[in-house]
Amino acid sequence: MSSTKRKTLDGTIHELKVGTNHVTQLQNDQSLPFRPKNEASPSSKDSEPPPGQTLTGKQEHYLKRELLSGQVVYEISELASTTALQRFGAPFRSEFGEIAPVDSDLPILRYIFVHHVRNFPFLDQAREKEFWQDKLQVFLESFAGKHISSSEDRLEETKRRKLAMKAQKLVELMMVSGIPTASGYEERIRFSELEVVDRGANEQGLLVNAPEGNSINGWDVNVAGVRTTSVKRTEFLIRVKQEDQPDIYVGRRYGEFSKLHKRLRTELPGKVLAPLPRKNKSHTTSTFLSAGGDDDASSVSSVSTQNTQATGPDEGSSFRHLMGRGHSRSASAQSRSPRASGDFSKVVLYREDQRVSLRAFLRTFLQNPQIAESKAMQEFLTGHPVKLNEEEMNDIEKRKTMDENRIEEQKRFYEIARERARELDIYMERFRRDIVERNGLTRLFKEIKDKERIADLSVEYQKFAEWLRIEVAATIYHVFLAEDNSPELLAQAKRIHSMIPYAALKQVIRFANPAAVMSGVLDLFLAQPFGTRSLAQRIFGLALNDGIKSFQKSIDSLMLEINDPILCEKLKRFCNADEDTKNEIRSEAVSEDIDLIVAILRSEKFAPDLTPQQIGTVFNAFVAWNNAVENIDEEMKQGAQLFAYLKQLLKMYTRQRDKAQMLSVIEEPVTLHLFRDLFTIFYEPLVRVYKSANVYNSVTDFASFADDMFSVLTTAQRQDVSADPNQTVQSFIDLCARHQDKFYKFVHEVHIHDNGLFTQLMGWLEGILEFLRHGPKGGKLDMNALFQGAVDVGNINKQSAIAEINALIKWQGERKKWHQDKTRQKMAADSTSSPNGGPTPPGSATFRTSDFGLNEADVADLQDDEDSDEDEEDEQDDADPIAGERKRRAKQADRLRRTAGEPLKPDVSELVGMREGFLAMLRMVLAD
């Protein structure tokens, strides 16, 4: 590659960003200080292996990925076993004696634990026997032995299941990116051209604030205007549009929004709902630029300058209570803004902040499909539409213009802030390279520890501080001014700030001994006088017992509805059976394609046996259940109620047992001992740092910053749309500049009194980065030798194995293309739905995943996997089990629809023969 081309690519880097929702890949980037390990040139031939090799670069990589993925899935699933830690190796004990690293049954998790968990600052001081073996191992084995119900038991994704899936993907990403192959030819799939489709988070923020064109779950809603219907009665006019239907307007008072909130709580019990914005009667005075013509239609600013007295009880008189009208030429506004080429009209928009906060409230609710489809929301948005008079239409137009101006100002703010950040690009590139080089983080924090002021730092670090000022300024603006719910957040923050007694808090922190206080509190909660239960155990036990009693009430009511004690008893015995018996029944249900309820009730493992009449009743109920779920038929629904009650009863029994098992875990002595040890390990070192660093001085510094920030925000909030965005940007940057030295002093003081804690933390982080960049010290995976060895001993057939690897490569390529097309379609839909192009946040292209050793193609694959596995939010228990089952099946159908056309992973059978040899090689590589 020529230097000219390299320079072009390097220039492109500054325009790319790596976001959390879409990762772009730069092809063959030679300018990176750390080129991805073993990344072959894209000019290498895919069809023929390099000289002396059995596999091509792509075949090596995707064989390694497939075998690593299978091992990671196995190890994560094995964590649920009571014997997992005994097969782990040191520091955990085993009945077979000490297990050497090369004999560990879980080499990947063992490596991560030894190198990145056990040596984490704080935990590195924990004793092997007293903490790891006698407390943590005992606790985890006890918890695994309780067999808390899984996703399959509940027909829903449990939090543990989701956490396990996330952990599996991250561990797989870490291993695939971190462990290199020995040949040096490893290569990923690449597209010759990647169309960068990357819209920043702020753009989405601008989209959701747009007055129209933002359809959410079938509803395009805007709180468009405000009117008075009688004295002291204000209505918010909501424009509602559904697909293929005309716009309608409904009028709703603030109290009706509150009633909607209460109705949703009743209709969707257990659903966590966002709070209703507080009532806000403030108004907004805005200056509109007049086009200079006499036609009102030509400019929304062409407001009448006549006397504002009431004109009598005509149709539009109520509107005049809302609009205070005055006309003035704003010389200062003209001098501040290049747009000042005509007259300015000041218009008072009554309850404008309340309007936009209620719009944010509605749109947040509509993001949830369950709420969007609820009867309460349907009636609220469509019931009793109103016709608007001319005055109300004018008000809506003014507020629409206000929305558009607000969005335009936000765009200009971000553009100016981004332009200022871009001026720092050359320094930020140096800073980036300094950080990603060996021990870069340690050098950064050593600089902070040694230098007392920002002005004493090296030039790159000073420029980094300047870049941070712009970032923080943009964040404050975005959170407290740019969003629809920003007025509500700002008011809430001001209330909290006014309630905190900073002076008293400073003195308490200064003179109190937090270590002694927390130790005393811990003794109070964990002490077990005369061997009785501790206060903490009683508190947790009380909460869990309340849950158990609540489930029992539901169980009692369901048993009355079922009216057959034998059926209920068999379900209860299944829930309390050992795990092997449960798994056998589940396997029968899956293999015979019948419902688990049927498999349990017909089983002879749970006495007593059913009579022929009971068997017929259950079978008829099962048939009616399926018919009722698939066909909305009231007659069938009545026959299906018995089966619905049985399914609900099994779920209640399962959850009640889970609560009881958790209660037994809480009451075990080892739980309290583990909690105390964890507290001692993590809390006491932090308290020592906090005490020696005189943190109390920072309390007043924070109070001063909050006062100053709210003052700047209030000033910016009062400015009209003719204000100069450059001055607005500068005011927020100046805010950060005024307080940066105090913040730096706090960080500096903490570092010089940390007793080496932060140095250890940086060393720990750099240990992870070192693994990702250069792999484990134990060596590399020789995939060619592994493959040839498996062929030589007859474990695999060479042609069949090569065919499977090529099928995997083809599948990965097709899947990448499918996900790219889906992403492009989604982004195109977003762009067509919003007339406003969104700005990129300033400074967003500073770091890339490849800087830290993570190959960007591997990160993109992880994102593709998450997109494929993504589920809707779990629904709460439905009062109607049949309706709940319909929703569950509809969700499954929707998931199938969303993944329609996604390439299916090919069957892998021949490569299974390589797993034993691969595991032996992996153990050797990870044994250090």
Side-chain angles (χ1 to χ4, degrees), residues 33-34 120-122 417 420-476 506 509-510 685-706 708-709 730 732-770 773 842-848 851-852:
F34 289 97
F120 180 75
F122 305 109
R420 295 192 183 190
R422 191 174 292 163
E423 296 170 2
L424 303 173
D425 269 354
I426 185 172
Y427 297 101
M428 290 307 298
E429 181 64 15
R430 292 177 190 170
F431 174 78
R432 180 184 70 83
R433 291 179 181 273
D434 190 40
I435 290 297
V436 301
E437 289 173 1
R438 185 176 178 86
N439 300 326
L441 289 172
T442 300
R443 289 201 303 272
L444 169 63
F445 282 91
K446 184 178 185 302
E447 181 100 355
I448 293 174
K449 190 172 184 176
D450 293 343
K451 304 297 175 61
E452 294 186 359
R453 299 180 306 158
I454 292 179
D456 297 333
L457 296 174
S458 61
V459 175
E460 284 78 13
Y461 294 155
Q462 287 188 43
K463 294 298 181 179
F464 175 65
E466 187 176 342
W467 173 83
L468 274 181
R469 285 201 299 270
I470 298 173
E471 286 292 291
V472 174
T475 301
I476 294 173
K506 177 181 178 179
I509 293 176
R510 182 177 184 180
L686 291 176
V687 166
R688 287 198 301 270
V689 174
Y690 141 91
K691 192 69 178 176
S692 59
N694 297 328
V695 174
Y696 65 88
N697 286 326
S698 300
V699 173
T700 49
D701 292 341
F702 176 79
S704 174
F705 168 74
D708 198 0
M709 180 183 71
Q730 192 60 48
F732 282 92
I733 294 176
D734 290 344
L735 164 70
C736 298
R738 286 194 293 271
H739 298 274
Q740 66 177 12
D741 288 327
K742 292 179 181 177
F743 174 74
Y744 180 84
K745 180 183 177 183
F746 167 75
V747 176
H748 173 72
E749 288 288 329
V750 168
H751 275 69
I752 62 177
H753 296 95
D754 70 344
N755 296 321
L757 182 62
F758 288 98
T759 303
Q760 286 180 303
L761 187 59
M762 291 306 105
W764 176 78
L765 286 172
E766 287 182 339
I768 297 176
L769 298 180
E770 188 72 12
R773 291 167 182 158
S844 58
T846 305
F847 292 101
R848 298 182 294 277
D851 292 339
F852 303 104

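Scanning all heavy atoms of the two residues, the minimum distance from Cys736 to Ala473 falls at SG-N, 3.8 Å. Minimum interatomic distance between Arg469 and Ile733 (heavy atoms only, all atoms of both residues): CD-O, 4.2 Å. The shortest non-hydrogen separation linking His748 to Ile448 is ND1-O, 2.8 Å.
Asp701 CG to Lys506 NZ: the interatomic distance, rounded to the nearest 0.5 Å, is 8.0 Å. To the nearest 0.5 Å, atoms CD1 (Ile768) and CZ (Arg773) are separated by 11.5 Å.
Qualifying side chain to side chain contact (heavy atoms under 4.5 Å, CB included) partners for Ala706, counting only residues two or more places apart in sequence or in other chains: His497, Phe710. In this structure, Lys745 has no side chain to side chain donor-acceptor pair (under 3.5 Å) partners at least two apart in sequence or on a different chain. With sequence neighbours left out, the side chain to side chain contact (heavy atoms under 4.5 Å, CB included) criterion links Phe705 to Ile476, Met709, Leu735, His739. Residues satisfying the side chain to side chain contact (heavy atoms under 4.5 Å, CB included) test with Asp734, not counting sequence neighbours, are Gln730, Arg738. Partners of Tyr744 by side chain to side chain donor-acceptor pair (under 3.5 Å), not counting sequence neighbours: none found. Among residues two or more places apart in sequence or in another chain, the side chain to side chain contact (heavy atoms under 4.5 Å, CB included) test is passed with Leu468 by Phe464. Legend: residues meeting ring pair (Phe, Tyr, Trp, His ring centres under 6.0 Å) with Phe702, ordered by chain and number and at least two apart, are absent. Residues that satisfy the salt bridge (charged side-chain N to carboxylate O under 4.0 Å, His left out) test with Glu452, not counting sequence neighbours, are absent from this structure. Under the side chain to side chain donor-acceptor pair (under 3.5 Å) criterion, Lys742 pairs with no residue at all, not counting sequence neighbours.
Heavy atoms from other residues, nucleotides or ligands lying under 6.0 Å from NZ of Lys451 number more than 12.
No side-chain donor-acceptor contact under 3.5 Å links Glu447 to the backbone of Tyr461. Using modelled atom types, one side-chain atom of Gln462 and one backbone atom of Ala455 make a donor-acceptor pair closer than 3.5 Å. Under a 3.5 Å cut-off, the side chain of Ser704 and the backbone N or O of Thr700 do not form any donor-acceptor pair.
Inter-residue side-chain proximity for Phe732 and Ile470 is flagged as unmet; no heavy-atom pair is nearer than 4.5 Å.
Taking the six-membered ring for Trp and thresholds of 30 and 60 degrees, His751 and Phe445 have nearly parallel ring planes, at less than 30 degrees apart.
The stretch residues 454-468 participates, sequence neighbours left out, in these salt bridge (Lys or Arg N to Asp or Glu O under 4.0 Å) pairs: Arg430-Glu460, Arg453-Asp456, Lys463-Glu466.
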